[in-house]
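Step one of this worksheet: look at the structure below.
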Amino acid sequence: MSTLLEVSGVSVTFDGYRAIRNLSFNIGPAEMRAIIGPNGAGKTTFMDIVTGKTRPDEGRVLWGEKSISLTRMSEAKIAQIGIGRKFQRPTVFEDQSVFDNLLLSLKNKRGPFSVLFYRKTPSDTERVHALAEEIGLADQLPRKSGELSHGQKQWLEIGMLLAQEPQLLLVDEPAAGMTPEEREHTTSLLVQAAKTRAVVVVEHDMEFVRRLDCRVTVLHEGSVLAEGSLDHVTANQQVIDVYLGR
Amino acid sequence: MKRESFFARNPSVLVFIAILALFTLGVTLASEAFGAGLISTSFIKTLGKTLCLCLIAVAMDLVWGFAGILSLGHFAFFGLGGYMVGMWLMYERTRDIVVASMANAPIPPTPAEIDAAIGTQIFGVVGSSEFPAIWFFSGSLVMQLLLVLLVPGLLALIFGWLAFRSRVTGVYLSILTQAMTLALALYLFQNDSGLRGNNGLSGLQNLPGVTASQAVVSVWFLWASALALGLGYLLAAWVVSGKFGSVIRGIRDDEARVRFLGYSVEGYKLFIFTLTALIAGIAGALYYPQAGIINPAEVAPIASIYLAVWVAIGGRGRLYGAVIGAAFVSLVSSWFTGGQVPSVNLGVYTINWVEWWQVILGLSFVLVTLFAPKGIGGLFDLAQGRLVPNRHGADYGPDQGALMEREGRE
Ligand SMILES: Nc1ncnc2c1ncn2[C@@H]1O[C@H](COP(=O)(O)OP(=O)(O)OP(=O)(O)O)[C@@H](O)[C@H]1O
Ligand SMILES: [Mg+2]
């Protein structure tokens, strides 16, 4: 299987603390992957590195068939080439309507001049409605997104991710603070998305990870501790010691 | 699918333009030159200048209220616009005077002699008679008008590029913009800056080659200022109404998120910073011929801070709020500082409004920031909110607010 994203030998140090240590990680074009690990394991930092927010001290981050290096690209450029990200804390533009949040995220030209002269096309409107349908916010489109419930904001953010039509979705704790029913909806959204693209999900909740039914990577102190099926990694003694046993 | 027109989606813009047109018509009909003579020429100039201040306030609202960049340097661009047009006004007028006075000389003066005489006239106050290189185009109105755009635009572009590229944000950016306007003021204060040091440029109210009286000229400038404000408002409303507005408001609220959506935040900031600098330059170019004089004190850091105060009091994040704030505060301010308000004698202390006005202004700024962050513009929301408490969605603008207020009383 070809790889979509290849992270190899990456290290990051914050004020002398090595948050990521010689981390290597690969993911294929239409693969779902869960990342678990204790607090401070470096899961969010890993996403920061891939999306260009944090620059690694050493190591390579290569993207796509042409193996483009991401380590020197700007965040905006990385997003444009097809890596979308959902943050740990839901971040939507609270002051703007659900519709505008989605429209803003649609895959279109991103330059100031094209955006200034952008005119909403019927197909874009249709796309927004379809996305809203998918994330269960079809009847909330005119509302300010700040008025949505916590779970709805999480979905909106996933919708914004899908709107970008990325090849790789990085999703940080999508189910945090959700009710069981909401979690189920979130699971199906992610599973659906992973049919056509790569999805990396960071999550603490084991039940949630189990339902994703995918390969699991366990991070600990900035590097990979174990990788494999959920049953495989949960049987690993080291994993039990540092994460599950606590 | 039906497309709504720009005005249907933004009714407040139409109302604003209508009010501006009515205002201009009213003032014209009350002027000495074109109407009943109810308003003095000097007050017409005050009103015209106020329109220019409203225009720069619209620019400030774009850059601060919508894009979240608290620039405390936009009066630098305003002043530069004024200087650029002032150079032509001063050169041409001095030339006219010099040529007229030399016309009676026995030997006709050579062009070089005329030039030297103009130079002595203009730069005598700073002990020079040479034309500095920056006056190269001062004989050409077209060129100086181009410079009204080019000089502020380029300064904003270079400054913005350096600042935004290194991701300077928040209070650090504000300080940097203050430093920029301070540096410009200090430079202009120097006698060898080429712009007459602290004397500045004067006599700008006299249009070369125009024989009409100031009463007439003042109304012309009022029209020009109103037109500029109307067009500037339209442009600003158009910029913020669509997806571009959505992006810059996103940048204001969470710039990292916008970046991860694939928008180059720096590019957008640079765009809006430069655009507003251009608007500020135009506003300044219309303001100073009405003021008659421009000097370096005009670009002092405090001027740009006042600008932020106007926009905050008027209500940032809505264009009409900025206009209301600038008009209200600057008119009240000129009333207080004009010495027309009688001092209040408290026996032990006499309140002199010229000085105390600053205190009142500062206090109202603090109060507005603390208790009415939406400013005067927020009153329109209040009027609407009473009747439609669950108004999800965008602002309707002042028109419907006013309407509902009326309905509420019935
Ligand atoms: N910008 C930063 N500056 C300094 N230290 C940082 C920075 N970002 C992360 N760290 C540190 O790096 C380590 C890894 O943090 P990270 O946020 O990646 O953990 P995580 O696995 O996402 O944890 P959680 O499950 O709590 O979200 C932590 O010790 C954190 O304190
Ligand atoms: Mg985290």
Side-chain angles (χ1 to χ4, degrees), chain A residues 47-48 51-53 74-87 90-101 103-126 140-147 157 160-161 163-164 166 170, chain B residues 1-6 9 62 65-68 157 160 164-167 235-275 316-318 374 389-395:
Chain A
M47 292 193 172
D48 288 346
T51 53
K53 189 179 174 196
S74 72
E75 294 101 311
K77 197 88 194 57
I78 292 175
Q80 283 170 19
I81 63 170
I83 299 181
R85 171 170 192 187
K86 191 206 143 319
F87 288 82
T91 44
V92 296
F93 301 111
E94 310 229 330
D95 192 39
Q96 303 189 37
S97 68
V98 172
F99 186 95
D100 285 345
N101 268 278
L103 189 69
L104 195 60
S105 317
L106 280 190
K107 188 178 171 134
N108 272 321
K109 290 209 175 111
R110 296 301 206 217
F113 290 94
S114 352
V115 168
L116 190 59
F117 293 102
Y118 167 83
R119 307 197 67 171
K120 198 165 48 193
T121 62
S123 73
D124 283 351
T125 310
E126 245 166 61
Q140 311 284 348
L141 278 174
R143 280 183 79 181
K144 283 217 169 142
S145 62
E147 298 171 0
E157 205 180 351
M160 289 164 73
L161 264 189
Q164 296 175 63
L170 301 171
Chain B
M1 210 184 73
K2 201 177 128 284
R3 280 195 59 87
E4 281 184 310
S5 81
F6 172 73
R9 279 177 291 128
L62 263 187
F66 286 88
L157 202 63
F164 299 137
R165 194 187 53 133
S166 25
R167 304 229 171 138
L235 176 72
W238 176 70
V239 165
V240 301
S241 71
K243 195 161 160 184
F244 192 94
S246 198
V247 174
I248 58 173
R249 275 180 288 143
I251 291 174
R252 175 191 68 193
D253 295 338
D254 190 343
E255 74 174 60
R257 188 74 185 88
V258 177
R259 221 171 253 139
F260 290 117
L261 281 177
Y263 293 95
S264 117
V265 167
E266 290 66 41
Y268 280 81
K269 284 185 173 177
L270 191 57
F271 183 100
I272 206 78
F273 193 73
T274 308
L275 176 72
R316 68 196 158 106
R318 61 181 92 209
K374 286 177 165 184
N390 244 338
R391 185 182 54 80
H392 306 308
D395 271 334

Under 4.5 Å from any heavy atom of chain B, what part of A:Phe99 do you find: side chain, backbone, both or neither? neither

Most chain B-contacting option - heavy-atom pairs closer than 4.5 Å, from A:Val115, A:Asp100, A:Val92: A:Val115

What part of A:Glu75 is in contact with chain B, defined as an atom under 4.5 angstrom from a non-hydrogen atom: side chain, backbone, both or neither? both

Residue pair B:Phe260, A:Thr91: steps toward the side chain to side chain contact (heavy atoms under 4.5 Å, CB included) verdict: CA-CA 11 Å; B:Phe260 290 117; A:Thr91 44; over 6 Å; no

Given side chains that start at C-beta, do those of A:Met160 and B:Leu261 come closer than 4.5 Å, heavy atoms only? yes

Pick from A:Gln96, A:Gln164, A:Lys53, A:Lys107: which one has the most heavy-atom pairs with chain B under 4.5 Å? A:Gln96

Segment of A:Asn101 engaging chain B (4.5 angstrom heavy-atom cut-off): neither

Contact class of A:Thr51 relative to chain B, heavy atoms under 4.5 angstrom: both

Validation row: A:Phe93, B:Arg249 side chains within 4.5 angstrom (heavy atoms): no

side-chain hydrogen bond (donor to acceptor under 3.5 Å, both in side chains) pairs touching residues 260-271 of chain B, sequence neighbours excluded, are A:Arg110-B:Tyr263, B:Arg167-B:Glu266, B:Glu255-B:Lys269, B:Arg259-B:Glu266

Do other residues, nucleotides or ligands put more than 12 heavy atoms under 6.0 Å from A:Phe113 CZ? no

Given heavy-atom pairs under 4.5 angstrom as the criterion, report whether the side chain, backbone, both or neither of B:Asp254 touches chain A. both

Considering only heavy atoms, which portion of B:Val265 lies under 4.5 Å from any heavy atom of chain A: side chain, backbone, both, or neither? neither

Suppose a student defines contact as a heavy atom less than 4.5 Å from any heavy atom of chain A. Which residues in residues 238-245 of chain B would they list? B:Trp238, B:Val239, B:Lys243, B:Phe244

